[in-house]
Student: 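Below you'll find the structure I mean.
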Amino acid sequence: MQRYLMNFNTRNMETRTTECLVVGSGVAGLTAAVRLARRGHHVLLAVRDTLSDSNTAKAQGGIAAAFGPKDNPALHLQDTLTAGAGLSDESVSQLVVTEGPDDIRWLADNGAEFDRTEDGQLALGREGCHSRNRIVHSHGDATGAEVARALNVLAAAEPNLRTMEGCYIVDILTHEGRCYGATALWHGRKICLRAQHTVLATGGLGRLFQHTTNPEGATGSGAALAARAGAALADMEFVQFHPTALALPGCPNFLISEAVRGAGAHLINLDGKRFMPALHPMAELAPRDVVARCIFQEMTKANATYIWLDARHIQGAAKLFPMIAATCREYGVDIEKDLIPIAPAAHYMMGGIKTDTWGRTNLAGLYACGEAACTGLQGANRLASNSLLEGLVFGRRVATIIGKTRLPQAASGLYWQEESLAETPLEFVAEDSNRSQQIMSRYLGIIRNASELACGEEKIQELVRRYEGCAAHTPEELDLRARLACDLLIVNAAMRRQESRGAHYRSDFPEKDDTYRKHFSDQRPVYDDAKNINDDNIAAASIGLAL
Ligand code: SIN
């Protein structure tokens, strides 16, 4: 794998130096940044587009937590493990379901407004695979927007926190297993961001596929950056498809929250029949991977690009889900009177940069949290609304561990360079981005098998070869390179897992096989890639974690 994506030399580059570099403005990145700044750390928050562009801001259903009178963390844990299909790490899951409620209280105490019952308790909705009502929500179906708003207000109030919008991280800088920051493109300028601690909270990779609920930036940049720098990744075969995205020609794949099914909506095939009760005891509220697969099979049988979601019998549906109702109305669908055309769409990456319970990667000074990370919580299939929760918990935990960690400064004279990369064949970039999405959707979607995976891998490799040894100069080129790196990681992981588990379904191995009840983790060589090494530098690079 090519180590760097641009020609640069940190000795003569515009350089910013900070204590903590946080990349990404979703719930995990903002939580980490705000909490670090509040502890007095200097934080630089690098955001690729604007602060308001994140998967978090688009989240509808909410945040799962055991607040209900008949609920408790043990039940939430059990549901998380069931959805995770044998691959969720029990101790990590335990930690998240136990600590999560306090993180939600912290957010509410700091300005986030959640929907409440008349007596002031949190109003709790229901989503797939949850045995209790435990989804905390805001403005009905605009929870993510409220979480993002509240965290952005907190971030803006922190004098120790500087934000750089339009900042695309290009490469992580490492030396002897330690991360020292990153290079970036900032409004077309190459810059070096030197940092003691670097936190990747770059979100997911739904944009690798043609149909996705994710925003433009979800191209797997974090996983690609980490892999090139030698960080370990895990569980890359597990891509979650949300069962119900709006499927109308010419309209974006707008999410129709699982909370709509939680409120009683039914899935109806094109023969007008409800099919889920015959397929799973939890019917429409079965684990997400099961529902997505059943919908896909109905679509395949009918040779159609959608089936229906029926919310017509839900009293006051438009009031319960105002954003969904308004968006559907824009496209001519009245959710109280019409059937809603839906299809599964790529939604969430369970795998990612492998971390411990403090968000630490295998590279000292490099952390990951949120969807970019693989903490072990999500297993083979994430339980609905556990992702904002994970972002809050691990954003805080990363901030805590950074506060307790002393890493040596980079020795003076340590620099990084790459000056041998060729020009990218620009004429292919847009076409190859589309092509890679087609390949991923065709060969690595909801149902996979060995021959299709092999075919997909060959086609991805063809694209990868075109850019080998080339520099990327624009966000579009960087996105394409991130896509291709993640495409390869996913296809390799999917080929290796010869069983069906959670979101990874192989028609040639349709059963779970417990010899595969383990995580596959890819770790590339950690590059010894800094220059000008002398005795001082070597001493400075020996890492000590003071916990
Ligand atoms: C939804 O509202 O259905 C999405 C929630 C999630 O992905 O956890």
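As the structure lists them, so they are numbered: ligands from 1, and atoms in each ligand from 1. Predicted, not measured: the structure shown is a model, and the values here were computed from it.
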Student: Please indicate whether any nitrogen or oxygen in R382 is less than 3.5 Å from any nitrogen or oxygen in ligand 1.
Tutor: yes
Student: Atoms of ligand 1 less than 4.0 Å from E127 heavy atoms?
Tutor: 2 (O), 5 (C)
Student: In terms of atom number and element, which parts of ligand 1 are under 4.0 angstrom from non-hydrogen atoms of H242?
Tutor: 1 (C), 3 (O), 4 (C)
Student: Would you tell me which option among Q60, R288, E258, K58 has the nearest heavy-atom contact to atom 6 (C) of ligand 1?
Tutor: R288
Student: Does any donor atom in the side chain of S441 or Q437 lie under 3.5 Å from an acceptor atom in the other side chain?
Tutor: no
Student: Side-chain contact, heavy-atom cut-off 4.5 Å: T212 with N253?
Tutor: no
Student: Taking only heavy atoms of H347 into account, list the atoms of ligand 1 that are under 4.0 Å away from them.
Tutor: 4 (C), 6 (C), 7 (O)
Student: Do the side-chain N and O atoms of H137 and T143 include a donor-acceptor pair separated by under 3.5 angstrom?
Tutor: no
Student: Do we see a donor-acceptor contact under 3.5 Å between the side chains of E390 and T375?
Tutor: yes
Student: Verify whether one side chain among N449 and Y505 offers a donor that lies under 3.5 Å from an acceptor in the other.
Tutor: no
Student: Should one rank A384, S257, A64 by closest heavy-atom distance to atom 1 (C) of ligand 1, which comes out on top?
Tutor: S257
Student: I'd like to check whether G61 has a polar contact with ligand 1, where a contact means an N/O of the residue lying under 3.5 Å from an N/O of the ligand.
Tutor: yes
Student: In ligand 1, which numbered atoms sit nearer than 4.0 Å to a non-hydrogen atom of S385?
Tutor: 5 (C), 6 (C), 8 (O)
